[in-house]
Amino acid sequence: MIAAFSVAPMNAQDADGSVHDAVAAAVRVVRESGLPNRTSSMFTEIEGEWDEVMDVVKRATAAVTAVSDRVSLVLKADIRAGRTGEIDGKVERLERALADEAHS
């Protein structure tokens with residue numbers, strides 16, 4: 001499965017409204033998990049088996065909860081049994097389709 005999630009404190013940590021320190025704590029949990037992952041400006045994606053992915057999401061959320069008593073979690077999952085490497089495979093297929101379309 002691939003899960004895309006965003007976790008952040010509901011109250012800003014800095015005077016400028018930024019939550020980057022709390023988000024960094026969550027992303028650190030993801031990166032230390034050893035599971036394939038990537039982070040963009042809005043979401044972190046992680047790939048693995050259901051239990052291991054959900055465990056990482058739970059621990060990443062706990063890292064943010066450590067600095068805020070109210071946390072927002074947005075989670076989307078693509079659950080496809082028997083598939084691995086899709087965190088990159090889906091993007092590669094999309095890029096090929098776009099390249100093929102450009103050459104048509």
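Treat the numbers as computed from the prediction; the structure is a model and nothing was measured.
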Partner residues of S72 under the side-chain hydrogen bond (donor to acceptor under 3.5 Å, both in side chains) criterion, sequence neighbours left out:
none
Going by the rule salt bridge (Lys or Arg N to Asp or Glu O under 4.0 Å), which residues pair with K58 if we only count those two or more places apart in sequence or in a different chain?
none
For L98, the rest of its hydrophobic cluster, which grows through side-chain links under 4.5 angstrom
L94
Just grab all the salt bridge (Lys or Arg N to Asp or Glu O under 4.0 Å) pairs involving residues 35-49, residues at least two apart or on different chains.
R38-E45, R38-D88
Any side-chain hydrogen bond (donor to acceptor under 3.5 Å, both in side chains) involving residues 93-104? Give me the pairs, sequence neighbours left out, ordered by first then second residue.
E86-R93
Should side-chain heavy atoms under 4.5 Å link Ile, Leu, Val, Met, Phe, Trp and Tyr, which residues sit in the same cluster as V29?
M1, F5, V7, V30, L35, I46, W50, V53, M54, V56, V57, V64, V71, L73, L75, I79
How far does OG1 of T84 sit from CD1 of I2, to the nearest 0.5 angstrom?
10.0 Å
For T65, give me all partners under side-chain hydrogen bond (donor to acceptor under 3.5 Å, both in side chains), at least two apart in sequence or on another chain.
none
Applying salt bridge (Lys or Arg N to Asp or Glu O under 4.0 Å) to R31 and not counting sequence neighbours gives none
Salt bridge (Lys or Arg N to Asp or Glu O under 4.0 Å): which pairs involve residues 70-79, sequence neighbours left out?
D78-K90
